[in-house]
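What follows is one structure encoded as structure tokens, with my remarks underneath.
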Amino acid sequence: MGGKETTPTDALKFLGLIEVGNPERASEAIKATASELGKSDTETASLIVDKVSRMIADAVNEMFFEWKQEPAYRVWEVLQEKKTRPENVVGIGGGAKGLIAEIAKKLNANPVIPEHAEVGNAIGAAVARPTITLNLHIDTEQKVYSVAEEGEIVSLNTTKFKNLNKISLDEAETLAAKLLNERAEDFGISEYADEAEIVNSEVFNVVNGWYTTGRLFDVNMQIPAGLIPEWKRREKA
């Protein structure tokens, strides 16, 4: 691409796997690196592509491994019979066509390259609507609640709960919805707040000795991803 260092894009261009870039400059970069490694130009470019693909595949595998290591206390996780693994790997961006097949192969998945993948990120940035999340934690034993995104612990006495010892999950979800609406207002995206949805909601009893001394609520809400109202997809002729 003409920079000081050889890049994966240079390797992809040299191997003819992508259209973007300058072939002469890509060739110069690969030749320089090949000389340092004592390998042929093609071998060097292939090595770069393989290493980049492996790094991305390893990152995906690491993500799934971390999910697997999370404490299995969430209701949805206990009920999940099948462990989730990627079936499709979708490539977006200028280098997607050159990398996605190799990444998918390493993940034992199917490569998918959407139409206009090269400018997919730009299209997404232009037409995607704003979205926010809210993770509410309520501890009735300590009589406090917190929102992970805000990093502040608040007394439950500031809420409209009538009986802190008898808070229901519905009431916890109502508080989460109220707090998310306030966040949306602060971020200037209140027009999307009505589309907020509950992603996860659960409650556990706090037991000390033989007695229930409180309850823990966790509610995760979000304004889901979507497109701005002004976006209209044109049908192909």
Would you confirm whether [X], through its side chain, and [Y], through its main-chain N or O, come within 3.5 Å as a donor-acceptor pair?
| X | Y | answer |
| --- | --- | --- |
| Lys13 | Glu19 | yes |
| Thr6 | Ala29 | yes |
| Asn181 | Lys178 | no |
| Glu66 | Met63 | no |
| Ser40 | Glu43 | yes |
| Thr158 | Ser155 | yes |
| Arg183 | Ile132 | no |
| Asn205 | Val207 | no |

Side chains of [X] and [Y], heavy atoms from C-beta outward: is any pair under 4.5 Å?
| X | Y | value |
| --- | --- | --- |
| Leu179 | Leu136 | yes |
| Lys106 | Arg54 | yes |
| Ser201 | Asn220 | no |
| Thr159 | Tyr145 | yes |
| Val112 | Val89 | no |
| Tyr192 | Pro130 | yes |
| Phe217 | Arg215 | yes |
| Glu102 | Asp50 | yes |

What is the distance from atom [atom1] of [X] to atom [atom2] of [Y], rounded to the nearest 0.5 Å?
| X | Y | atom1 | atom2 | answer |
| --- | --- | --- | --- | --- |
| Ile153 | Ser146 | CD1 | OG | 6.0 Å |
| Leu164 | Glu171 | CG | CD | 10.0 Å |
| Thr44 | Asp10 | OG1 | CG | 12.5 Å |
| Glu191 | Ile228 | CD | CD1 | 11.0 Å |
| Leu99 | Met55 | CG | CE | 11.5 Å |
| Leu12 | Ile48 | CG | CD1 | 9.0 Å |

>> Looking at Glu150, I'd like to know if its CD atom is crowded, meaning that more than 12 non-hydrogen atoms belonging to other residues, nucleotides or ligands lie closer than 6.0 Å.
In response: yes

>> Tell me if the CG atom of Asn61 is crowded by more than 12 foreign heavy atoms within 6.0 Å.
In response: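 Yes, CG of Asn61 has more than 12 neighbouring heavy atoms, counting only those of other groups under 6.0 Å.
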
>> The criterion is salt bridge (Lys or Arg N to Asp or Glu O under 4.0 Å); which residues satisfy it with Lys97, sequence neighbours excluded?
In response: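 For Lys97, the residues satisfying salt bridge (Lys or Arg N to Asp or Glu O under 4.0 Å) (neighbours in sequence not counted) are Glu118.
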
>> Test of understanding: with salt bridge (Lys or Arg N to Asp or Glu O under 4.0 Å), list the residues that count as partners of Lys31, not counting sequence neighbours.
In response: Asp41

> Which of these, Asn165, Leu216, Thr212, Asn208, sits in a side chain to side chain contact (heavy atoms under 4.5 Å, CB included) with Glu141?
Replying inline: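 Testing Glu141 for a side chain to side chain contact (heavy atoms under 4.5 Å, CB included) against Asn165, Leu216, Thr212, Asn208 leaves exactly one candidate, Asn208.
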
> Excluding sequence neighbours, so at least two apart, what forms side chain to side chain donor-acceptor pair (under 3.5 Å) with Thr133?
Replying inline: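 Applying side chain to side chain donor-acceptor pair (under 3.5 Å) to Thr133 gives Glu149.
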
>> If you compare all heavy atoms of Ile103 against all heavy atoms of Ile56, which two are closest, and at what distance to 0.1 Å?
In response: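 Minimum heavy-atom contact is CD1-CD1, 3.6 Å.
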
> Considering all heavy atoms of both residues, which atom of Gly91 and which atom of Ala96 are nearest to each other, and what is their separation?
Replying inline: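 Looking at all heavy atoms of both residues, the closest pair is C-CB, 3.5 Å.
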
